[in-house]
Amino acid sequence: VPPALPAAMTVGTVYALHRLRQKNIFCISPPRVNVCGKVKLCCFDKTGTLTEDGLRLYVLHPACDGAYCAPIESLGGVDRNDLLTHALATCHSIACSPRNHNELVGDTMEIQLLELSRWCLSSAPPSSLGLPAGEFTVCYPPRTHSASALDVRHTADAAGTVTVSLDVPHDTSVLSETGLPYPGRSVVDDDIDCLVVLRDFPFSSAQMRSTVVAGAGQRGTQGPLFAFSKGSPEIIKTLCRHESLPDNYDNQVHAYARNGYRVLAIAGARLPAAAWASVPSLSRDAIEHDLEFISLIVLENKVKPETSGALAQLAAANIRAVMVTGDNPLTASSVARECGMVGPTDTLLVARVVQRPTGAYELIFESDGVLDPPQVECTSLRYVKFSGPADSRKMLYELVPQRAASPVALAIAGRDFDLLRRHLPEEFVRVCVAGTVFARMSPDQKTTLIETLMDQGFGVCMCGDGANDCGALKAAHVGVSLSQAEASVAAPFTCRVPDIRCVPEVIKEGRCALVTSFSMFKFMALYSFCEFTTVLILYYYDSNLGDFQYLYIDLFIILILAVVMGRTRPYETLVAQRPPGSLLSLPILFSVFGQLSIMVLFQVAALLYAKSQSWYTPLVPDPNSQNIACYENTAVFLVSIFQYITVAVTYSISKPFRAPLYTNILFLLSLIILTIVNILFVFGTPGLRSIMQLQLPGPVSFSWVLLVLAASNFAISWLFERIAIISPAVQKTLRRLKRKRGFKNRYKDISREIMVSGWPAAYVAHSS
């Protein structure tokens, strides 16, 4: 084994890391570069990864007396004692910067909501309230507020019905609700001097909400207490009094979500009279009880322009793309459609777990109702393999109704994900393998999904940008962070350019580095075998290679080629074909020993040709000499030095994973220079003959024959590698010789099971 083999095999990784740094992609775990070459599935967070970093407030959709009012864009005419104003002013995690009290620190979306309320933030409550020493979040009302009409564009018809007219970037049906302008709900008679946040339950992925308890300061005294909760509409709904919820609460939430908007709900209530000092002793259940629904907060989060192109590259390479997000399933599915992760005509099925009256759990699928024909009964779900690159990007299923069939994408929410894992483990694995959208996922659930996919044989890449992605980024084979904050610590790769174009680049470099490592292994192995056979042949004649001959082979030929051979860049296009994953696979071993046989054949041919000439004089061994300068040594050595160059060229395979050889300028120049030097040795001047201890005959014909042998060796070796190793027919024959039983990766067995069984436990329940 050559001592330089480990170093030579890392050359490709070193060059890949350098190229990634030039693209603002940094790696803290170099061994992961080669792992990138085996990625088969990519998981993406949504917000900040597939979509833009910041959320922009679209509209508020308030409710009053159990009915939705018209959506509004500002609170221009809402009284400062209004419950909605108080909720926006206090229910957040914003703080004043310790360096500049005029600067707010916190989530940009929450800062937008605070600015919308027009209240001001401070950390110093009035001394008259008698609060203990310490910093509080204190909100002060605007100094002046207008009594004019609401800042919302609406028109009224003859019947007095108000129709909202907003700049809607998506389907206008999302704002088809009509209603009177928001009248406001004053909760106190006297003006409030300030609102002091006395207790804060920060947002957590597990609770899917944040809650605050705020005390109202009135005329310098401690006034009433209020509780406000903000979070996912599903959770906030469970905290509210039923009478305060509009009848079409869910329909309106789904309407926004289907159009790609992120929807939050906010609720609040005036707490029973209590002293402010008693607030720390209140339980969360006591606070979050019988709240009144206040408003929906509708946020816009546009898909990044680069997202669709990057996903298309992955689809063409037969790499699945999966969304793993904490957002609403319908919002996530809408974004998946927009960016191409789900086809525009695909039917979306949302997997749910229900408990029957018998206590048994069952997996069902509900249609989102967007593209499905009504009242279509389905007999089964069956696996269908598509041939087109656009459809091969994910595991697709075909809905088989009585009248027609349409492609289906699968989505599941975090609650059903947990129920499925605990009660239906076999179906859980199937959903993980088949799913495209995983929504309302907590950080632990994201990690569980990644680990499950890895257990089924997928090479998994996770791409995210938030602290809630850290577990998944660390668990995946390849983690790519688009943030330089918490996520960059857990992820092996960090990209300074916050879009997912880095993922195809990392995979390209990984494939290139992996193929380069295998090529370097074969090159170094053949170099060692070739030099070994040369020495064996010469030992037979009591000769050996000279010191300068060893030095020229090891230091000038092998070292130079090993250093520059790995500089070849990755191929510009990701393809569906994947690089080999095993170093000692049958094709690699067949290639090495096949090339070795060709080399030995030509070394023996050169030796036999020299022995057949009239000028040939057999070596008479001298016990006191190394017996270097002889015809046997000269013939074998001069052919072998061309063979090392032949091997380097033969194993510098370009498409489909690496750029053509001529793009590696240093490698090309090295090949040319070394070839010229070798030719000079063949026709050797007296000085070169003396240094290299060569014994050349008088006739020049011998030198020409050696060149012909070297050229023939190159042609046969090159053809052998291209035809006998790389050709699909030979690859198929080698796979048959292995007599492979079953699939190596579990996910392929699962796909076959689905295809054969039709997934009988599943049926489709269309939502009304």
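Considering only heavy atoms from C-beta on, L314 comes within 4.5 Å of P504 through its side chain. Proximity of M341 to T436: side-chain heavy atoms (C-beta onward) are separated by under 4.5 Å at one or more points. For the pair L57 and M109, the minimum side-chain heavy-atom distance is 4.5 Å or more. A 4.5 Å side-chain heavy-atom check between V263 and N328 finds every atom pair outside the cut-off. Side-chain contact check for M462 versus K474: every heavy-atom pair is 4.5 Å or farther apart. Considering only heavy atoms from C-beta on, F201 comes within 4.5 Å of I287 through its side chain. Under the 4.5 Å side-chain criterion, counting only non-hydrogen atoms from C-beta, F293 is not in contact with L239. Counting heavy atoms from C-beta outward, F438 and T325 have side chains that stay 4.5 Å or more apart.
Here R501 pairs with D499 under the salt bridge (charged side-chain N to carboxylate O under 4.0 Å, His left out) rule; sequence neighbours left out. Every residue was checked against the salt bridge (charged side-chain N to carboxylate O under 4.0 Å, His left out) condition with E52, not counting sequence neighbours, and none meets it.
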For this session: Applying salt bridge (Lys or Arg N to Asp or Glu O under 4.0 Å), run through R415 and E234 and close with a yes or a no.
Result: CA-CA 11 Å; R415 168 194 168 276; E234 307 97 284; over 6 Å; no

For this session: Give the C-alpha distance, both sets of side-chain angles, the deciding distance and a yes or no for salt bridge (Lys or Arg N to Asp or Glu O under 4.0 Å) between K230 and E110.
Result: CA-CA 11 Å; K230 179 176 66 181; E110 292 189 328; 3.2 Å; yes

Exercise. Are D290 and R241 close enough, and set up right, to give a salt bridge (Lys or Arg N to Asp or Glu O under 4.0 Å), and what steps lead you there?
Worked result: CA-CA 5 Å; D290 283 342; R241 292 186 297 106; 5.9 Å; no

Exercise. When you look at T494 and Q484, which way does the side-chain hydrogen bond (donor to acceptor under 3.5 Å, both in side chains) test go after all the steps?
Worked result: CA-CA 7 Å; T494 300; Q484 298 182 55; over 6 Å; no

Problem set entry | salt bridge (Lys or Arg N to Asp or Glu O under 4.0 Å) between D250 and K237, worked out | CA-CA 9 Å; D250 291 331; K237 179 181 178 181; 2.7 Å; yes

Exercise. Could you go step by step and tell me if F428 and F417 meet the ring pair (Phe, Tyr, Trp, His ring centres under 6.0 Å) rule?
Worked result: CA-CA 7 Å; F428 170 74; F417 183 86; 5.0 Å; yes

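Not one N or O on the side chain of T49 forms a donor-acceptor pair closer than 3.5 Å with the backbone of K46. When atom types are taken as modelled, the side chain of T331 and the backbone of Y261 share a donor-acceptor pair closer than 3.5 angstrom. Side-chain atoms of T447 come within 3.5 Å of backbone N or O of P443 as a donor-acceptor pair. The main-chain N or O of L282 is found under 3.5 Å from a side-chain atom of R199 such that the two form a donor-acceptor pair. For the pair S334 (side chain) and R258 (backbone), a donor-acceptor distance under 3.5 Å is present. Between the side chain of K304 and the backbone N or O of G48, at least one donor-acceptor pair lies under 3.5 Å.
Using a cutoff of 4.0 Å between basic side-chain nitrogens and carboxylate oxygens, E288 and R209 are scored as salt-bridged. Ion pair R440/D416 not flagged as a salt bridge, since none of the NZ, NE, NH1 or NH2 atoms sits closer than 4.0 Å to an Asp/Glu carboxylate oxygen.
With no hydrogens or angles considered, a side-chain donor-acceptor pair links N301 and T51 at under 3.5 Å.
For G268 against L83, the heavy-atom pair with the smallest separation is O-CD2, 4.1 Å. Nearest heavy atom pair, residue V39 against residue R578, reads O-NE, 4.0 Å. Closest heavy-atom contact between S244 and L291: OG-O, 3.9 Å.
Outside the 6.0 Å centre-distance limit, the rings of Y58 and Y256 are not counted as a close aromatic pair.
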